[in-house]
Amino acid sequence: MSILTESQSGRISGIGRDKRADTGEAGLPEDGKSYVRGATEPPLVYATVPQMLRDTVSRYGPREALVFCETGARLTYYDLDRRVDALAGGFLALGVEKGDRVGIWAPNRLEWVLTQFATARIGAVLVNINPAYRVNELEYALKVVGCKVLVTAPAFKSSDYLGMIAELVPELASSRPGHLRAARLPALRAVVSMEDTPSPGCIAFAALETMGGPAQQLRLPTIDATLSPDDAINIQFTSGTTGSPKGATLSHYSITNNARFVTDRIGLTEADRLAVPVPLYHCFGMVMGVLGAVSKGAALVFPAQGVDAEAVLDAVAAERCTALYGVPTMFVAMLAALDARPRDLASLRTGIMAGALCPVEVMRRVQRQMHMTEVTICYGMTETSPVSFQSFTDDPLEKRCETVGRVHPHLEVKIVDGEGQIVPVGMAGELCTRGYSVMKGYWQDRDRTDESVRDGWMHTGDLATLDADGFCTITGRLKDMIIRGGENIYPREIEEILNAHQQVSDAQVFGIPDPKYGEEVCAFVLAAAGPAPDPEALRGHCRAKMAYFKVPKHIRVVESFPATITGKPQKFVMRDMMTKALGVVADPPA
Ligand code: AMP
C-alpha cells in the first residue's frame with residue numbers, strides 16, 4: 001500500500017500488517033557480487049507515528065497494549081490513546097511546539113512510552129538519553145540538540161537523576177516551573193519529574209497529563225494535519241563510526257516502516273504478547289519493541305525498569321508472553337537463571353536476539369530451553385532505524401544461528417573493499433546500507449553526516465560477508481567500538497576523560513573478550529611526569545564522569561604503547577597482550 005487509504009471514519013487503514021509477504025526471494029546477490037536488494041512487498045507505508053497508533057487503536061482498541069510488571073500498570077489501546085492525547089495537551093500547554101526537542105531520561109517506565117507517543121502527536125522531537133549517563137554526558141546531549149523540556153525519572157539504581165540535574169542547572173530549584181532560565185542550558189525551559197510531589201522547580205508528570213484543557217485538545221487535529229512522515233521525530237545518540245556522540249535523527253517514515261518489517265519477520269499479530277527487557281532509550285526498545293508491537297496491535301510486557309534476568313523469566317511465565325527480545329548477554333543471563341530455577345516458558349514462540357555478535361550455542365539453547373523455536377537474529381544500527389538484516393522464522397536452523405539472515409524489504413546493501421568496490425560473494429568488506437531507513441543525518445552536523453552517508457549509502461563500519469543465498473555474516477568491525485553487554489562504547493570518549501587526569505599523559509582504550517558481557521573495557525595509560533597514577537584512582541575518576549558501563553575494568557600503567565613504525569598505537573596488540581595476561585576465554589558460556 002504505497003498510498004494511504006482514508007476510510008470513512010477518517011482513519012488510515014492498513015499501516016501495520018500487509019498480507020503481501022516479504023519472502024526473502026528478492027535479496028539474492030547479483031552476478032556473484034556482494035550486493036543485495038530487498039523485496040518490494042509489502043510496500044512502504046507513508047505514515048506518521050500518530051497515524052500508526054490511531055490505526056491500531058481503531059482495530060484493536062479494547063485489547064491490552066501495555067503491561068508494566070513492577071507497578072502493575074495495564075493499559076488497553078484505548079487507554080493508551082487517551083493518555084497520549086492528554087499528555088500531548090499538557091506539552092502544548094507547556095509551550096512545546098512542533099519541532100521542539102523533548103529529552104527523556106528514564107529507565108523502562110510507562111511515562112517513557114506515553115512521552116514517546118505524546119511528543120510524536122504534536123510533532124515534537126523525542127531525544128533519547130541513556131539512563132546510565134553522568135552529568136557531563138547529560139549536559140552534552142541536552143546542549144547539542146537544544147532540548148526545551150527534559151522529562152526525567154527521579155532516580156534509578158545508582159543514578160540520582162534529580163541530583164545530577166540540580167548540579168547542572170542550579171537555577172532550577174528557585175525557578176517557576178516551566179519558566180527556567182539556565183546558564184549552562186539556555187534552551188531548557190522545563191523539567192518534568194516522574195514524582196508524586198515534584199521537587200522544587202519541577203512539574204510532576206501526572207500534573208502535566210492534566211495541564212492541557214479543551215483548547216489544547218482542539219489543537220491536536222490541526223497539528224496532526226501539518227505532520228509529514230518525513231519530519232524528524234526522534235534523536236538517538238551514537239558515535240557512529242568515530243568520535244564523540246552525535247544525534248542520529250530519524251523520521252516517522254523510517255522508524256514506522258522498520259518497526260513493521262521487523263515484526264512482520266517474526267509473524268507478530270494482535271494475538272501476541274511481546275516481552276521487552278531491552279532499554280527503551282535504544283531503537284531495540286522503542287522502535288523494534290514499542291512501534292513494532294503497536295504496528296500489529298500486540299501487547300507489550302515490560303518485566304522491569306532495568307535489566308533483570310529473573311524478572312524477565314517471571315514476567316514471561318506470568319504474562320504468557322509469546323515473544324521475547326534481548327541482546328546476547330541478556331539471553332546468557334536468562335539461561336543461567338533458568339538453570340537455577342526452572343519456569344514454564346512454554347508460551348514463548350519467537351523473538352529477536354540482536355545488538356552484538358550472537359553466539360551460535362546461545363541461539364541453540366534459546367530455541368531448545370526457552371521454547372523460542374522461531375527466534376530470529378537482527379543486524380542493524382541506530383543510523384538505519386535500526387534493522388537491515390534479519391532471519392525468517394523458518395530459515396534453516398544453521399542459517400538462523402550462524403548468520404544475521406537476509407536483507408530487509410526496500411533496502412539495498414553492498415559490501416565494499418577499501419577502495420569502495422563491491423567485493424565478490426563470500427569475501428569480507430564494509431557493509432553499506434541504502435534506502436528509506438537511513439537517518440536524516442546527525443543533528444546539525446553536516447560534516448559528520450557526509451562522512452558516514454555517501455550517495456545515500458550509510459557506511460556502517462561493520463565488516464561482513466554475503467553468501468550466494470543472500471545470508472549475511474558479521475565478521476568484525478572497522479570502527480573503534482566496544483560492545484559490552486549490548487551497550488556501545490566509544491574508546492575515544494574514555495581516552496579523553498583519562499587524558500584529562502593530571503597524572504596521565506596519554507591513554508589507549510580497547511576491548512577484550514569477556515565471557516559474561518561479550519567484551520570488557522581495558523585501558524593502557526602512560527604516566528605524566530611525577531608520581532605514577534594508581535589504576536583504582538583512575539577508575540574512580542572515570543566513575544564520576546561516565547556511565548558505569550564505560551568505566552575500564554582493567555587499567556594498566558605502561559612505559560610505552562605497542563605501535564607501528566610510524567608511531568600509530570596498535571590496539572589489536574594491546575588486546576592480545578591483555579587477553580593473554582588475564583587468560584580470558586573468547587566465547588560466552590553456553
Ligand atoms: P546501535 O547503533 O547501538 O544499534 O549499534 C549498532 C552496532 O551494533 C552495529 O554497527 C554493529 O557493530 C553491532 N551489531 C548490531 N547487531 C549485530 C549483530 N546481530 N551481530 C553483530 N554485531 C551487531
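Counting starts at 1 for both ligands and their atoms, following the listed order. Model, not experiment: these values are computed from the prediction.
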_Counting only heavy atoms from other residues, nucleotides and ligands, does the tally under 6.0 Å from CG of Asp339 exceed 12?_
yes

_For Glu137, is there an ion pair with Lys550 - N to carboxylate O distance below 4.0 angstrom?_
yes

_ligand 1: protein residues within heavy-atom distance under 4.0 Å_ = His282, Gly355, Ala356, Leu357, Ile377, Cys378, Tyr379, Gly380, Met381, Thr382, Val404, Asp462, Ile474, Lys479, Met481, Ile483, Asn488

*So, for Phe156 and Tyr161, is the gap between ring centers shorter than 6.0 Å?*
no

*Can you name the one residue among Lys571, Arg492, Arg575 that meets salt bridge (charged side-chain N to carboxylate O under 4.0 Å, His left out) with Asp480?*
Lys571

*With sequence neighbours excluded, tell me which residues meet ring-ring contact (aromatic ring centres under 6.0 Å, His included) with Phe561.*
none

*asked:* Can you confirm whether Lys33 is buried at NZ, in the sense that more than 12 heavy atoms of other residues, nucleotides or ligands lie under 6.0 Å from that atom?
replied: no

